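As the structure is a computational prediction, the values presented were derived from the model and not from experiment.
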Amino acid sequence: MARTFSSARRRWLAAALGLTAAGGVAALGTRPWLMNPCHATLPDELARHDIVRSAWAGLDPAQVWDCHAHLAGIGDGGSGIAISPEMLSPLHPLQYLQRLFYLNAGCAHEAPGRVDQSYVERLHNLMDGMAPGFKLMLFAFDRAHDAAGRALPGQSAFFVPDAYAREVARATPQRFEWVCSVHPYRADAVAALEAAAADGARAVKWLPPAMGIDPTAPACDRFYDALVRLDLPLITHAGEEQAVSGAGHADLGNPLRLRRALERGVRVVMAHCASIGEDVDLDRGADGPRVPSFQLFARMMDDARHAGLLFADISAITQRNRDLAVLRAIIEREDWHPRLLFGTDYPLPGILPLISPAQFAAEGMLDAQAVPVLEAIREHNPILFDLVLKRHLHSRGKRFAPAVFETRRFFTRTPT
């Protein structure tokens with residue numbers, strides 16, 4: 001997910017809200033444009049379609065884990081989830097609208113009193129449409145903390161406890177794995193990390209701009225050393241953050257700030273390949289020029305010192321707010337493929353306007369006949385939609401290698 005909206009994105013969201021209020025969705029015809037219709041079971045003609053079958057061809061579904069999926073809710077089911085008051089108030093229209101879109105994408109928007117439960121039920125519904133053996137890695141999400149390690153509930157957009165992610169995964173282990181989220185400034189950070197590892201957490205999730213984490217801070221070192229000892233990877237946002245506000249600032253998403261973790265031996269997964277935004281080129285000093293975050297990511301991926309430690313997930317890279325040249329580069333860099341990991345950033349693929357198959361077809365990156373099939377799949381199963389889309393995307397004769405999707409190998413290494 002991503003922190004501040006550009007003025008263009010704000011105008012787009014305002015227009016979208018206005019369209020909904022005016023009943024404009026119905027005027028667009030039978031195919032929804034804005035709000036996810038949340039259809040349930042995938043019809044047989046879609047489930048058995050050649051485009052779907054060919055997407056699974058060459059993959060062992062038991063090795064395909066979506067490594068970037070969010071748990072969400074409002075805390076109405078004893079989950080311990082908490083969200084900021086701003087996300088509940090129309091007086092803060094952007095954050096209020098974000099919540100509506102996220103819950104609609106997760107098909108939990110029309111479940112008063114049972115939103116948390118409805119969100120998980122929808123996950124099970126989606127998993128019914130995936131090949132047996134496929135799994136989701138469900139994210140916890142820690143609160144923002146200050147430099148002294150004190151929690152900042154008032155500056156935390158949302159909070160998903162480790163215990164909740166663990167219990168959802170533990171209830172159905174054939175479908176779900178879980179990823180803990182521990183702020184490294186906490187006094188109990190190492191103990192919490194050790195407990196999560198003992199309870200089966202597969203990785204750790206950070207979102208530095210929202211959580212107020214500076215990956216270069218010496219306070220992180222004890223946490224990094226524990227990650228290495230426990231052989232747990234760190235999945236952390238890199239690049240601009242546009243979806244979650246919080247206690248930090250945008251510069252905390254600078255890919256170069258993750259060098260400190262790499263130098264201590266941490267396996268780092270840069271979420272979204274730092275595919276959006278600009279950051280200061282710290283290699284040219286603190287006052288260096290601002291360059292595309294992806295340029296800094298590519299520099300780090302091409303640094304031989306990081307070859308066995310730096311990885312990236314491909315979640316969110318197909319969203320409209322990404323430059324197509326960046327997506328093309330990620331697809332075409334076949335030397336990166338062994339270090340890329342499939343992820344969807346669910347529920348975001350369920351926000352219909354965010355991803356346009358038709359645009360990819362117009363750019364010659366997707367066969368035109370796949371567009372209506374993908375759009376129909378998305379109305380039933382955004383996770384399958386994301387998988388099928390990424391399996392069929394191509395650029396100048398290149399496609400993502402099957403190994404990109406078979407992520408289980410990366411997350412099931414045995415601690416030493």
Roughly how far, to the nearest 0.5 Å, is [atom2] of [Y] from [atom1] of [X]?
{"X": "N381", "Y": "C38", "atom1": "CG", "atom2": "SG", "value": "11.5 Å"}
{"X": "H306", "Y": "L262", "atom1": "NE2", "atom2": "CG", "value": "5.5 Å"}
{"X": "D188", "Y": "E194", "atom1": "CG", "atom2": "CD", "value": "11.0 Å"}
{"X": "D303", "Y": "M301", "atom1": "CG", "atom2": "CE", "value": "11.5 Å"}
{"X": "D335", "Y": "H337", "atom1": "CG", "atom2": "NE2", "value": "8.0 Å"}

Give a yes or no answer on whether the side chain of [X] reaches the backbone of [Y] with a donor-acceptor pair at less than 3.5 Å.
{"X": "N104", "Y": "C107", "answer": "no"}
{"X": "S181", "Y": "D142", "answer": "yes"}
{"X": "K390", "Y": "G343", "answer": "yes"}
{"X": "D116", "Y": "I74", "answer": "yes"}
{"X": "K135", "Y": "Q63", "answer": "no"}
{"X": "T172", "Y": "Q174", "answer": "no"}
{"X": "D279", "Y": "S293", "answer": "no"}
{"X": "S275", "Y": "I317", "answer": "no"}
{"X": "D146", "Y": "G149", "answer": "yes"}
{"X": "S395", "Y": "E332", "answer": "no"}

Measure up the [X] and [Y] rings against each other and bin them: parallel (under 30°), tilted (30 to 60°), perpendicular (over 60°).
{"X": "H39", "Y": "H380", "answer": "tilted"}
{"X": "Y224", "Y": "W206", "answer": "tilted"}
{"X": "Y119", "Y": "Y346", "answer": "tilted"}

Should [X] and [Y] count as side-chain neighbours, where that means a heavy-atom distance under 4.5 Å?
{"X": "D283", "Y": "R299", "result": "yes"}
{"X": "N254", "Y": "L296", "result": "yes"}
{"X": "V388", "Y": "L384", "result": "yes"}
{"X": "H145", "Y": "R150", "result": "no"}
{"X": "N36", "Y": "P382", "result": "yes"}
{"X": "I355", "Y": "F360", "result": "yes"}
{"X": "L193", "Y": "V204", "result": "yes"}
{"X": "D66", "Y": "M137", "result": "no"}

Salt-bridge contact [X]-[Y] (side-chain N to carboxylate O under 4.0 Å):
{"X": "R257", "Y": "D251", "value": "no"}
{"X": "E263", "Y": "R305", "value": "no"}
{"X": "R391", "Y": "D386", "value": "no"}
{"X": "R175", "Y": "D128", "value": "yes"}
{"X": "D302", "Y": "R333", "value": "yes"}
{"X": "D323", "Y": "R328", "value": "no"}

Write down the atom of [X], the atom of [Y], and the distance for their closest heavy-atom approach.
{"X": "A210", "Y": "A144", "answer": "O-CB, 3.7 Å"}
{"X": "A203", "Y": "V179", "answer": "O-CG1, 3.4 Å"}
{"X": "S356", "Y": "R320", "answer": "CB-NH2, 3.4 Å"}
{"X": "P402", "Y": "G58", "answer": "CB-O, 4.1 Å"}
{"X": "H272", "Y": "S315", "answer": "ND1-OG, 2.8 Å"}
{"X": "P215", "Y": "L258", "answer": "CB-CD2, 3.9 Å"}

CA sep, side-chain torsions, deciding dist, call: H392, S54, side-chain hydrogen bond (donor to acceptor under 3.5 Å, both in side chains): CA-CA 9 Å; H392 283 282; S54 61; 3.2 Å; yes
- prompt: Between M127, H68, M130, H70, which is the residue that forms a side-chain contact (heavy atoms from CB on, under 4.5 Å) with L136?
  reply: M127
- prompt: Hey, are D199 and W178 close enough side-chain-wise for a donor-acceptor pair under 3.5 Å?
  reply: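 No pair is found: no donor N or O on one side chain lies under 3.5 Å from an acceptor on the other.
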message: Is it the case that the side chains of E363 and Q359 hold a donor-acceptor pair, with the cut-off being a distance below 3.5 Å and no angle test?
response: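 Distance-only check fails for Q359 and E363.
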message: Centroid separation under 6.0 Å, is that true for the rings of F141 and F158?
response: yes
- line: Which of R202, R408, R170, R166 passes salt bridge (Lys or Arg N to Asp or Glu O under 4.0 Å) with E177? It is R202
task: Using the ring pair (Phe, Tyr, Trp, His ring centres under 6.0 Å) rule, pick out the option among F405, F311, F400, F411 that qualifies with F342.
output: F405
- prompt: Does CZ belonging to R290 count more than 12 external heavy atoms closer than 6.0 Å?
  reply: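 Result for CZ/R290: enclosed.
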task: Verify the neighbour count for atom CG of D287: are there more than 12 heavy atoms of other residues, nucleotides or ligands below 6.0 Å?
output: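 12 or below, so no.
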- request: Tell me, please, whether F410 has R267 positioned over its six-membered ring: NZ or CZ under 6.0 Å from the ring centre and within 45 degrees of its axis?
  value: yes
